[in-house]
2 protein chains.
Amino acid sequence: MLSSPELQKCRDFVSSALKQKRVLLVAGNCTVTYEGRASSKLDWGERVILVKSDGAVLVHRKFGHKPVNWQPPNAQFHVSFEEGQLTILAVRQKPPESIKIVFREVAVAMSLNLLDEGEFAMHVTEEQMKRALLFEPSMIEPGLKLIAEEHHLADAGFTDIYAEDGEGRLVVVEIKRVPAGKDAVLQLNRYIETLKKRVNRPVRGILAAPKLKAGAVEPLAKLGLEFKAVSLEKCFQVLKPHTGTRLTEFFNSS
Amino acid sequence: MLSSPELQKCRDFVSSALKQKRVLLVAGNCTVTYEGRASSKLDWGERVILVKSDGAVLVHRKFGHKPVNWQPPNAQFHVSFEEGQLTILAVRQKPPESIKIVFREVAVAMSLNLLDEGEFAMHVTEEQMKRALLFEPSMIEPGLKLIAEEHHLADAGFTDIYAEDGEGRLVVVEIKRVPAGKDAVLQLNRYIETLKKRVNRPVRGILAAPKLKAGAVEPLAKLGLEFKAVSLEKCFQVLKPHTGTRLTEFFNSS
DNA sequence: ACGTCGATCTCGAAC
DNA sequence: GTTCGAGGTCGACGT
């Protein structure tokens, strides 16, 4: 970290931080020039500049949620010191864009090696996921008609969603909030096998989850089951407008 | 500025900075919980937090152009220190949202009083493009006579330029600063259709943009509309001599 | 690779 | 206040 450094010294510090792909933070008096899809010029003033490990650049003024200027990840950098000014040039190729930040004074420059393995999760539980799919069965397949949720099968537990497709075939949907593995496939298959013995007609099995694990692809195909990718984000969007609604309103029969 | 401060001391520092409406920068190990229009949870990890003078909050991880969590301007703050952890709670009322940042370690905390009166200017905006075409309608077509800008149509929004061609036909010009797609074609068509019902005479529709996207060629032809390529560079050249001129001087009527 | 669509969109202007 | 449209939109997903 440098406090009120000479700009020449700052140049080396910035270059080094960028080369090491650290997170770089600079506060100082600068101008910013942008050329690309549009073009803009920001006159002298004190701002906070953030350069991230992936080459994203942000220029923040004292006000406003959004950066006044920026560069998306994977920018290439050119740092120079000329005529008493420190210049950081960040360029990207597609689309061709450049942002040039010229400092005449730097208050602070910091380089941070952030350790951050924390998971970020938009919060949707498996229960909420089911609610979303009950409100919008078309997320699984157009034309799907609901029959019941949690259809109980004495010997083999219960299914998540029990429905009928456009051609009148029974459909069993097994929901997983996490990437579905072979165990989920086998669980679904047990439901299907039990059901087939009771209802003398075709039964389809669909696994609905954000992802299908690599090891589950082959068992799924072999058992004649299907997979439908369902994102948690989409479920959350579907749920938002319906937060208080009763589920029972959405069944044809129950 | 504090380096690796005790969190208790950090609490006072943060409170003071927020009270003075300075720009606050904190780097440290934290979790972030968001509740509001959506909800999310971010597990422990090192991030950079920026709080601006207008009460905007940004939480940045080491990767990515956009903040992982944020609060728009005008948030209200509650800072506390409990059980060895520093908590910054930022709340806004409409819509009801809160973001809670809990630190178990702070590497650096800075408060900055940024002096920034510098002007920010976009050079060629869609508005400026329109000004250029109003000054030089011949860029669209020789003999074009202006009638009005932004002609309002109650049901279908408004046009960008409203004019008359050499043969007395009405001309509606829709301006796009970026390559025009199918959406621009349909928007222009809505204007035309609405207009035709009101003025019992021929109406031409011209899309003026730097480019016409491939996917827009066929819809344009099918709807009997036209395209005129207008470069931003040319617009900029046209505008340079006219920077202060009033628009009203350039209309024949109204 | 490109087109379409959602976003805790944000931001500003018009009504 | 609300609504509407633009954005250097950005990003994800489908083709």
Side-chain angles (χ1 to χ4, degrees), chain A residues 32-42 56-59 63-75 90 92 94-99 120-124 139 210-211 228-240, chain B residues 32-42 54 56-59 63-75 90-92 94-99 120-130 150 152-160 174-184 186-187 190-191 210 213-219 232:
Chain A
V32 185
T33 311
Y34 158 73
E35 292 288 342
R37 286 167 291 180
S39 63
S40 70
K41 178 72 193 289
L42 177 61
V57 181
L58 305 169
V59 181
F63 293 106
H65 158 79
K66 285 162 58 168
V68 59
N69 282 111
W70 70 93
Q71 192 71 285
N74 304 316
R92 76 159 165 170
K94 229 174 93 68
E97 290 188 305
S98 70
I99 173 173
F120 176 74
M122 293 290 282
H123 199 255
V124 177
M139 284 173 68
K211 263 190 171 181
K228 173 61 185 178
V230 175
S231 80
L232 296 181
E233 289 76 10
K234 182 71 192 298
C235 288
F236 190 81
Q237 292 308 315
V238 169
L239 283 179
K240 254 197 308 191
Chain B
V32 185
T33 311
Y34 159 73
E35 291 289 342
R37 287 166 291 178
S39 65
S40 70
K41 178 71 194 291
L42 178 61
D54 59 358
V57 181
L58 305 168
V59 180
F63 293 107
H65 156 79
K66 291 180 16 183
V68 59
N69 282 109
W70 70 94
Q71 191 71 285
N74 304 315
V91 181
R92 74 160 168 171
K94 226 172 95 65
E97 290 188 304
S98 71
I99 174 172
F120 177 73
M122 290 288 287
H123 287 140
V124 180
T125 62
E126 190 166 306
E127 177 63 27
Q128 289 175 301
M129 202 172 158
K130 178 161 74 179
E150 289 192 345
H152 289 261
L153 300 172
D155 337 5
F158 56 89
T159 70
D160 281 310
E174 163 79 14
I175 300 171
K176 289 289 168 195
R177 202 185 61 72
V178 293
K182 200 170 66 177
D183 52 340
L186 298 177
Q187 189 181 359
R190 282 200 302 278
Y191 298 157
K213 285 188 191 173
V217 174
E218 196 258 331
L232 295 181

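Keep in mind that what you see is a predicted model, and the values were worked out from it rather than measured. Lettering of chains follows the sequences in order, A, B, ..., and the numbering in each one begins at 1.
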In whole Å, measure the gap between the [atom1] atoms of [N] and [M] for me.
{"N": "D:dG8", "M": "D:dC4", "atom1": "P", "answer": "22 Å"}
{"N": "D:dA6", "M": "D:dC10", "atom1": "C1'", "answer": "14 Å"}
{"N": "C:dT8", "M": "C:dT4", "atom1": "P", "answer": "22 Å"}
{"N": "C:dG6", "M": "C:dT10", "atom1": "C1'", "answer": "14 Å"}

- Message: Under a 3.5 Å distance rule, please check whether A:Arg92 uses its side chain to pair with a backbone N or O of A:Pro73 as donor and acceptor.
- Response: no

In whole angstrom, what separates [X]'s [atom1] from [N]'s [atom2]?
{"X": "B:Asn74", "N": "C:dC11", "atom1": "CG", "atom2": "P", "answer": "10 Å"}
{"X": "A:Met139", "N": "D:dG14", "atom1": "CE", "atom2": "P", "answer": "11 Å"}
{"X": "B:Leu186", "N": "C:dC5", "atom1": "CG", "atom2": "P", "answer": "11 Å"}
{"X": "B:Ile175", "N": "D:dG5", "atom1": "CD1", "atom2": "C1'", "answer": "15 Å"}
{"X": "B:Glu35", "N": "C:dT8", "atom1": "CD", "atom2": "P", "answer": "14 Å"}

- Contact class for B:Lys213 (heavy atom, under 4.0 Å): base, sugar-phosphate, or nothing?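 Since no nucleic acid heavy atom lies under 4.0 Å of B:Lys213, the category is nothing.
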
- Assign each of B:Pro67 and B:Lys182 to its nearest nucleotide of DNA chain C by heavy atoms, then name whichever residue's nucleotide is nearer the 5' end.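 On the 5' side of the pair lies B:Lys182.
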
Give the minimum heavy-atom separation between [X] and [Y], together with the two atoms involved.
{"X": "B:Thr33", "Y": "B:Lys41", "answer": "OG1-CD, 3.5 Å"}
{"X": "B:Pro95", "Y": "B:Arg37", "answer": "CG-CD, 3.9 Å"}
{"X": "A:Ala38", "Y": "B:Met122", "answer": "CB-CE, 3.5 Å"}
{"X": "A:Leu58", "Y": "B:His65", "answer": "CD2-O, 3.5 Å"}
{"X": "B:Ala216", "Y": "B:Gly181", "answer": "CB-C, 3.5 Å"}

- Message: Are the side chains of A:Val32 and A:Val68 in contact, using a 4.5 Å heavy-atom criterion?
- Response: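 With C-beta onward as the side chain, the pair stays apart.
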
- Task: Name all residues meeting the side chain to side chain donor-acceptor pair (under 3.5 Å) criterion together with A:Ser98; count only those two or more places apart in sequence or in a different chain, and write none if there are none.
- Result: none

Is there any protein nitrogen or oxygen under 3.5 Å from a nitrogen or oxygen in nucleotides 6-8 of chain D, and what are the pairs?
from	atom 1	to	atom 2	distance (Å)
D:dA6	OP1	B:Lys176	NZ	3.4
D:dG8	O6	A:Asn69	ND2	3.1
D:dG8	O6	A:Trp70	N	2.8
D:dG8	O6	A:Trp70	O	3.1
D:dG8	N1	A:Trp70	O	2.5
D:dG8	N2	A:Gln71	OE1	3.1
D:dG8	N2	A:Glu97	OE1	3.0
D:dG8	N3	A:Tyr34	OH	3.3
D:dG8	N3	A:Arg37	NH2	3.2
D:dG8	N3	A:Glu97	OE2	3.2

Polar pairs (N or O, both sides) under 3.5 Å between protein and nucleotides 2-4 of chain D?
from	atom 1	to	atom 2	distance (Å)
D:dT2	OP2	B:Lys94	NZ	3.2

- Working to the nearest 0.5 Å, report the span between CD of B:Gln187 and NZ of B:Lys182.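 Answer rounded to 0.5 Å: 14.5 Å.
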
